[in-house]
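The structure under discussion appears below in the form of structure tokens.
Numbered from 1 within each chain, the chains take letters A, B, ... in sequence-line order.
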Protein chains: 2
Amino acid sequence: MSTVNSGPRVDATDARILLALADDPRATVLALAERLRLSRNTVQARLAKLDENGALGSFERRVDPGALGYPLTAFVTAQADQHHLAEVADRLKDIPEIVEVFGLSGPTDLLVRVVAADTEDLYRVAGKILDCPGIERTNTALAMRELVPHRLTELLRRSAATRPAPTGRRARD
Amino acid sequence: MSTVNSGPRVDATDARILLALADDPRATVLALAERLRLSRNTVQARLAKLDENGALGSFERRVDPGALGYPLTAFVTAQADQHHLAEVADRLKDIPEIVEVFGLSGPTDLLVRVVAADTEDLYRVAGKILDCPGIERTNTALAMRELVPHRLTELLRRSAATRPAPTGRRARD
DNA sequence: TGGGCAAGTGAGCACAATGCTCACTTGAGG
DNA sequence: CCTCAAGTGAGCATTGTGCTCACTTGCCCA
């Protein structure tokens with residue numbers, strides 16, 4: 001349901017931690033600290049804060065639908081009765097194959113991301129979407145290729161590059 | 001670049017592990033084992049296999065762009081010279097604000113997911129996309145609301161529900 | 001110019017988790 | 001009937017965790 005989160009912004013050090021984690025997701029705090037040349041204490045505190053503020057989304061994001069038996073991804077755009085968007089969203093939430101829904105600006109009201117086991121399955125799901133009261137028109141496009149797989153690394157690198165406020169870190173080494 | 005992965009399919013037990021992990025991402029293997037009433041050994045082996053086969057996507061997926069200073073998400077659809085899709089994709093990859101790109105079936109060739117710091121930033125990024133040689137026409141829609149946040153839980157639950165092949169597990173307890 | 005303040009550091013400590021290996025069990029399939 | 005794949009429980013040396021503490025350092029602000 002939420003749109004933004006905008007807790008306190010991730011700073012350069014946080015970004016470096018996230019980057020290191022991206023490289024090795026199950027790395028121990030100790031390993032991260034060593035690698036980033038920070039104290040274990042710092043990394044631990046930072047990490048704690050990062051998932052307190054919702055800077056880290058849910059873990060499910062990391063699960064590959066393909067491995068779950070849903071190798072097909074499709075995007076269904078829809079026009080809907082704008083007065084009842086919330087109700088429509090609730091209905092859509094009940095369809096398990098629907099993985100993500102956005103409310104859009106412009107002539108297309110909804111963008112629905114769907115996964116499916118095969119084309120027949122996809123057809124069925126598309127039908128279910130159209131059947132939702134409030135949905136007026138849909139259009140389904142199959143994702144044939146993932147040309148750029150989901151990534152935030154470039155943005156993280158940019159954040160990591162800004163010189164951190166150098167506080168209390170040791171001079172030697 | 002990859003489209004599918006389709007390593008060996010995730011079975012019911014795997015799904016249960018992933019579900020538990022979704023609930024508590026940094027849970028220790030021991031905690032998971034206890035909670036699922038599996039042996040530590042099993043969980044450890046399963047988890048190892050899960051990220052060997054790419055059933056687990058990269059960690060970056062969990063990072064919230066909002067926390068990074070990019071609270072805006074937009075979807076840019078584009079028509080492109082289909083003979084040069086690969087080159088276009090390479091160009092798009094160089095734009096950091098581009099988070100994901102799909103090649104679609106139908107009249108729209110590309111779906112580009114973009115994040116931006118503000119509307120002006122978005123305008124700039126949209127311009128960069130249009131400037132890519134091979135891109136013929138674009139249309140930008142701002143994601144105003146995340147009506148259903150990314151989730152795979154329902155699907156995971158479905159997988160977890162199928163009775164697992166009950167092998168060698170103890171009778172008592 | 002001096003005092004807080006926030007953030008980092010290094011040390012230490014009891015406890016828990018990891019990574020490994022081994023012998024054993026169990027159901028499925030040839 | 002035998003073998004195989006998967007799970008189990010045990011054990012053990014090594015690491016990592018979660019916590020607290022005293023101390024340092026640069027920044028902000030008065």
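Of the residues near DNA chain D, B:N41 and B:K49, the one whose nearest nucleotide (by heavy atom distance) lies more toward the 5' end is B:K49. DNA chain C is contacted by both A:V43 and A:R26; A:V43 maps to the nucleotide lying nearer its 5′ end (nearest heavy atom per residue).
Contact check, B:T28 against D:dT17: no side-chain N or O comes under 4.0 Å of OP1 or OP2. At the phosphate of C:dT18, neither OP1 nor OP2 sits under 4.0 Å from any side-chain N or O atom of B:Q44. OP1 or OP2 of D:dG7 has not a single side-chain nitrogen or oxygen of B:S39 nearer than 4.0 Å.
To the nearest 0.5 Å, atoms SG (A:C132) and CG (A:D81) are separated by 13.0 Å. A distance of 4.5 Å separates CG in B:L56 from CZ in A:F59, rounded to the nearest 0.5 Å. Here the CG atom belonging to B:L18 is positioned 12.5 Å from the CG atom belonging to B:D23, to the nearest 0.5 angstrom.
Classification of B:E97 and B:K128 as a salt-bridged pair fails, no side-chain N sitting under 4.0 Å from a carboxylate O.
Residue A:R46 has its side chain nearest to C:dA7 when only C:dA7, C:dT9, D:dG18 are considered.
B:L36 has its CG atom 16 Å from the C1' atom of D:dA6, to the nearest Å. Atom-to-atom, CG of B:L32 to P of C:dG19 comes out at 13 Å; the value is rounded to the nearest Å. The separation between B:D11 atom CG and D:dA5 atom P is 16 Å, rounded to whole Å. Rounded to whole Å, the distance from CG on A:L30 to C1' on C:dA17 is 13 Å.
For A:R37 and C:dG8, a side-chain-to-base donor-acceptor distance below 3.5 Å is absent, hydrogens and geometry of angles not being considered. Residue-to-nucleotide contacts include a donor-acceptor pair under 3.5 Å from the side chain of B:R40 to the base of C:dG19.
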